[in-house]
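No hydrogens, no waters, no symmetry mates; every other heavy atom, side chains included, goes into these values. Below, chain A is the first sequence line, B the second, and so on; all start at residue 1.
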Amino acid sequence: MARKASGRPPEEALWLWKREQALLKTLVVDRDTEAWQRDPAFSGLQRVGGVDVSFVKGDSVSACASLVVLSYPELEVMYEDCRMVSLTAPYVSGFLAFREVPFLVDAVQQLWEKEPRLMPQVLFVDGNGVLHHRGFGVACHLGVLTDLPCIGVAKKLLQVDGLENNALHKEKIRLLKAGGDSFPLMGGSGTVLGMALKSHDHSTKPLYVSVGHKMSLEAAVRLTHGCCKFRIPEPVRQADIRSRDYIRRTLGVQGAPALRPERSKKAQSPKACPQGASEEPAGTFKGTPSGREAYPRFSSVVLPRLPQLSLPLD
DNA sequence: GCGACAG
DNA sequence: ATCTTGTCGC
């Protein structure tokens with residue numbers, strides 16, 4: 001029952017999405033807002049979060065959205081939430097957030113309701129922040145909707161505003177010596193959109209870090225390096241590993257030759273991990289008249305619902 | 001036809 | 001994103 005991907009949205013929808021991005025972009029804060037962000041050792045920082053969405057192989061609709069929270073600086077998982085969702089919007093470069101962000105916001109919202117003390121003080125997002133076609137990537141989008149500091153971490157350079165993955169760029173990468181080394185990514189307008197970061201000593205491919213929300217680029221790069229045990233920042237890496245694992249166990253019985261006849265979909269709770277209450281797949285926009293509003297919009301709907309940001313005191 | 005294309 | 005085994009290195 002692998003549903004197929006919707007084609008490219010009509011220009012009408014893309015126009016609305018661009019308008020949405022332009023509106024929300026005015027709310028982005030691209031500087032440090034928390035004391036720990038300026039501390040040389042990030043003292044005061046205790047919880048870092050990561051989000052990711054993994055897909056079912058032959059299906060472009062079924063996916064697993066995950067949110068994990070790790071302790072800092074130990075980087076041990078203290079919270080995990082994986083849930084199957086049905087994506088409605090197709091993937092369109094430049095509009096990734098409209099496909100994935102609603103589910104990530106839900107996950108954050110649920111964490112706030114059930115384990116507010118575990119709310120991360122910063123979120124690592126798989127994708128770009130201001131390093132984006134219109135300066136508002138998925139990391140900015142999630143940051144604004146949740147009001148949490150966010151860092152965009154992409155694995156490939158998004159070639160926008162004059163940025164090119166050309167010979168010169170590759171040479172700069174080759175010159176990065178040790179983990180933590182980086183160089184600025186300057187857009188055509190002379191603005192630094194992000195940094196290419198060698199996340200650890202023996203990594204060939206850099207990470208492309210950009211500001212998502214409520215954090216300076218300098219702090220974002222420094223913290224990203226501080227969260228890398230491997231090339232991918234541990235919060236995002238754990239979210240990725242666990243979401244894929246969840247999928248593998250969810251349809252492992254049906255997908256491959258059943259080695260274990262008695263294996264339903266019940267196995268999940270290593271730590272303090274709510275496994276998505278196993279209800280109907282989220283993302284099936286209920287109060288939506290079928291036919292109209294083919295794609296979700298949420299800014300003005302979600303913002304008022306979110307709780308006031310007041311970091312839990314320990 | 002060719003290059004781009006976050007996830 | 002996903003399709004995919006072994007292999008080289010610490």
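With hydrogens and angles ignored, the 3.5 Å screen pairs no side-chain donor or acceptor of A/Asp32 with any backbone N or O of A/Glu34.
In DNA chain B, no stem is built from 3 or more consecutive Watson-Crick or G-U wobble pairs with both distances under 3.5 Å.
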At under 4.0 Å between heavy atoms, how does the protein contact nucleotides 1-7 of chain B? Give one character per nucleotide, 5' to 3', with B, S or -.
---SSBB
Working for ring-ring contact (aromatic ring centres under 6.0 Å, His included), residues A/His141 and A/Phe98
CA-CA 9 Å; A/His141 210 133; A/Phe98 292 91; 5.2 Å; yes
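Between the C1' atoms of C/dT4 and B/dG3, the separation comes to 26 Å (whole Å). Look at the P atom in both C/dC3 and B/dA4: the space between them is 26 Å, to the nearest Å. For the C1' atom pair drawn from B/dG1 and C/dG6, the interatomic distance equals 37 Å after rounding to whole Å.
On the nucleic acid side, DNA chain C has its first and last nucleotide under 4.0 Å of a heavy atom of chain A at C/dA1 to C/dC3, going 5' to 3'.
The shortest heavy-atom contact between A/Pro235 and A/Gly49 is CB-O, 3.4 Å. Here the closest heavy-atom approach between residue A/Thr26 and residue A/Ala22 is recorded as CG2-O, 3.5 Å. The two residues A/His133 and A/Ser93 have their closest heavy-atom pair at CE1-OG, 3.6 Å.
In the model, A/Ser66 has no side-chain atom that pairs as donor or acceptor with a side-chain atom of A/Asp52 under 3.5 Å.
The side-chain contact (heavy atoms from CB on, under 4.5 Å) test applied to A/Pro184 returns A/Val192, A/Met195, not counting sequence neighbours. A/Arg99 meets the side-chain contact (heavy atoms from CB on, under 4.5 Å) test with A/Phe55, A/Ser60, A/Leu87, A/Ala89, A/Tyr91; sequence neighbours excluded. Judged as a side chain to side chain donor-acceptor pair (under 3.5 Å), and not counting sequence neighbours, A/Thr204 has no contacts. For A/Lys205, the side-chain contact (heavy atoms from CB on, under 4.5 Å) partners two or more places apart in sequence, or in a different chain, are A/Arg231. Evaluation of the side chain to side chain donor-acceptor pair (under 3.5 Å) rule for A/Arg134 yields A/Gln21 as partners, not counting sequence neighbours. Under the side-chain contact (heavy atoms from CB on, under 4.5 Å) criterion, A/Ala178 pairs with A/Asp181, A/Asp201, not counting sequence neighbours.
Contacts of residues 169-196 of chain A with DNA chain B (heavy atom under 4.0 Å): none.
Taking Ile, Leu, Val, Met, Phe, Trp and Tyr as hydrophobic and joining them when side-chain heavy atoms fall under 4.5 Å apart, one finds A/Leu193 in a cluster with A/Leu131, A/Leu157, A/Leu158, A/Val160, A/Leu163, A/Ile173, A/Leu176, A/Phe183, A/Leu185, A/Tyr208.
Rounding to the nearest 0.5 angstrom, the gap separating the CE atom in A/Met215 from the CD atom in A/Gln37 is 5.5 Å.
The cationic group of A/Arg222 lies under 6.0 Å from the six-membered ring centre of A/Phe42 and within 45° of the ring axis, placing it in a cation-pi geometry.
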Dot-bracket encoding per residue of DNA chain C, Watson-Crick/G-U cut-off under 3.5 Å, | denoting interstrand:
..........
